[in-house]
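Have a look at the structure below, then the notes.
Chain letters run A, B, ... following the sequence lines, proteins first, then strands; residues in each count from 1. Given the structure is predicted, the values throughout are model-derived calculations rather than measurements.
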Amino acid sequence: MIDLKALRENPQRFIDGAAKKNYAPDIDTLLKLDEQRRSLMSEQETLKAAQNKLSKETGPKIGQLMGKLKSANDDEKAAIQGEVDAIKAAPAKMKEQITALDAQIAQLEPKLNEILLSIPLPPDDDVPVGKGSEDNVEISKWAPEGWDWGKSFEQNKGFKPRTHIELCAMHNLVDFPRGVKIAGSRSYVLTGDGMRLHQAILRYAIDTMTNENGFTPMSVPVLVREEAMVGTGFFPGGRDQAYHINESERGGGYDMFLTGTGEVGLMGLHQDEILDEAQLPLKYVTVSTCFRREAGAAGKDTAGLYRIHQFDKVEQVIIDVADEQKSRQHHKDMMGFVENLLKSLGLPHRLLQCCTGDLGVKNADMIDIECWMPGRGEEAPDGTPMGEFGETHSASRLYDYQCRRLNMRYRPGGENGKGPTTFCHSLNNTVAASPRILIPLLEMYQNEDGSVTIPEKLVPYMNGQTKIG
RNA sequence: GGAGCGGUGGCAGAGCGGUUGAAUGCGCCGGAUUCGAAAUCCGGUUCGGCUUUCGGGUCGACGGGGGUUCGAAUCCCCCCUGCUCCGCCA
C-alpha cells in the first residue's frame, strides 16, 4: 500500500508511476473521497468533542444524583428524577448527528480502500521505462569456462542437445501422463532420480542460505487467510492466480488460499508487530510448495516442467529499516547469493533489469535471473532447439509498500532517543525453484549418450551418485 | 465434535457500568548517587487518524464487528483466536 499522505501531497508522482507500470488507478476519485471523508470526520469530531465535554460534566453529576435518589424520600425523589432525566436528554441531538455522519463516512470507505489498495508503488527513477518483458534490459551474463555464448550448444559440446522432456523420458525422471490423470493439465509426478535430484537442489539451496549466508530457515503455512494475501500485496490484483479454498461455504468461518510463494508466509510472520531495531535486518529462508493457477497462460509452455500448477521453491526475504541505501545493498546481496549458487552449479545465466511495464504493483525495482535452457526456443531447420533463456529467479525491492500493508514497523532507537515508529523495508528473491531449475540442470549436464552428469555440488545430496543413466 | 476458562500498553498482569488511555512490575529513555559501573532512588515512556501559528488541539482504539446505556475495558449478541478436559484420529 502506498502512503495516502504522500499521495495527497504529490498525486502526480503516483499517476506517473502507475502509468509507467501500465496501470491506471482512479486517483482523482480517491482524492475526492479522501477529501470528503476528512471533512466529514472533522465535522464529526467537533460534535464528539462537545459531547465528551458535556458527558464529563454530567457524568459525575448523575452519579451523585443517583446516590441521593436511593436515600431520598418520596417528595425529593420526583424532583431528583426530573433533574436526572433533563441531564440525560441533553446529548440526544448530538448523538443523532454523530450517527448520521458515521453512516456517511462508512459509505465512502469501501471504494476508497479499494482504490488505495490498487495503487502501485511508483518504480524507481533508474528503472528503465518499457511496456513489458520485451523491453527488459540484460545487465550481465555469466557462463562457466568452456562455454562460448557465440556458439550453439552443438558447437560448444560437440553433439545435439536433447530437451529436458526427452531426458526425463529416457531416464524415467518424470511421469507426465499419470500426473495429468491424478491432477489434470500442468501436473506431473517426479519419479526416482527425478525426485532425488529435485530434493537435492532444494536441500543444497537451503543449506547454502542457512550455513553460508546467515539466513534463518523457517517452515511457514502455505494455506493462508485472505489477510496474508492482501498484506503481502498479492491481493486484490492477483486473486485470479491463487487457488481458493471455499471453507465459509461449508460452515467454516473464513476462506483459505494456497500461496504461490513462500514469501507470503515469511512476510506474514511479523504482521502487526513493532520490531526492535536491534533485531534488524531479519533474514529468512523457507522451502515451500507453491501453487499457481496460471490463469491467462492457456496454451503457453504446456509441455514439460516449465509452467506447472505446483512446485517447490526455496525463497529468501529480508526485512530491514527504512533506508534506501540499505535496501539497495540487500537487493544486490540477495542476487549475489543466487549468482554464487548458479555459478557453483555451473549454470549459464544472465541478470535482466525488468522495465517498468514488467514490475507489478508492489515493486520499486525487480531483477530477474534467467538460466540458459538449451532445449527451449525456436528450432533450427533440422529440428534441433536453439536454446533460450528461461526465468528461474526474481528479485524484488519493495521499500515499505508491503510492510505498510502488513502493518510491520520498527522503533528507530538511535542514540538520540526513540523516533516515531516506522514501516520496515522488505525484499525477496528466489533461491531455487524446482522442478523448473531441473530444466537447465538436465539440459546443460547431458552427455552425448543421453546420460546426465550430476553437478559436483549435488553429488553429496545424491548419496554419492555422479550420473543418471 | 462436546464442556469450561481466557484474549487489556514493547512484555507480564490488575481493573469487571461513572471519567480510566487504563494500577503494578519488567523493559526502555532521562536524571541523581558513583572515580566509573552494578545496586538504589526520582522523573518519563501505548498506538493510530485528523488538524496545527509546530507550542499544541482534537478524535479513535482494551482480539474484531454489532447492540444496550446519559455513560462500556466492564453488560448482551456474532465472529476470530489461545488454553484445559472429554471424545475421535494418528
What's the gap between B/C42 and B/C26 when it is taken at their P atoms, as a whole Å value? 11 Å
Say we look at B/G18 and B/A73: how far apart would their P atoms be, to the nearest angstrom? 11 Å
A/Ile274 has its side chain closest, among B/C47, B/C80, B/C59, to B/C47
Can you tell me which residue pairs pass the ring pair (Phe, Tyr, Trp, His ring centres under 6.0 Å) test with a partner in residues 206-232 of chain A, sequence neighbours excluded? A/Phe215-A/Phe337
Work out how far the C1' atom of B/G7 is from that of B/U74, and round it to whole angstrom. 15 Å
For B/A72, the Watson-Crick or wobble counterpart (both distances under 3.5 Å): none
Taking the six-membered ring for Trp and the full ring for Phe, Tyr or His, determine whether the centres of A/Phe234 and A/Phe257 are under 6.0 Å apart. no
For a quick test of reading the model: is some side-chain N or O of A/Arg8 closer than 4.0 Å to OP1 or OP2 of B/C50? yes
When you compare B/U24 with B/C77, how far apart are their C1' atoms, in angstrom units rounded to a whole number? 34 Å
Are A/Arg409 and B/G10 close enough that a side-chain N or O sits under 4.0 Å from OP1 or OP2? no
Using a cut-off of strictly less than 4.0 Å between a heavy atom of the residue and any atom of RNA chain B, enumerate the qualifying residues of residues 26-40 of chain A by number. A/Arg38
Under a plain distance cut-off of 3.5 Å, with no hydrogens placed, do A/Asp193 and A/Gln465 share a side-chain donor-acceptor pair? yes
In whole Å, measure the gap between the P atoms of B/C79 and B/G71 for me. 27 Å
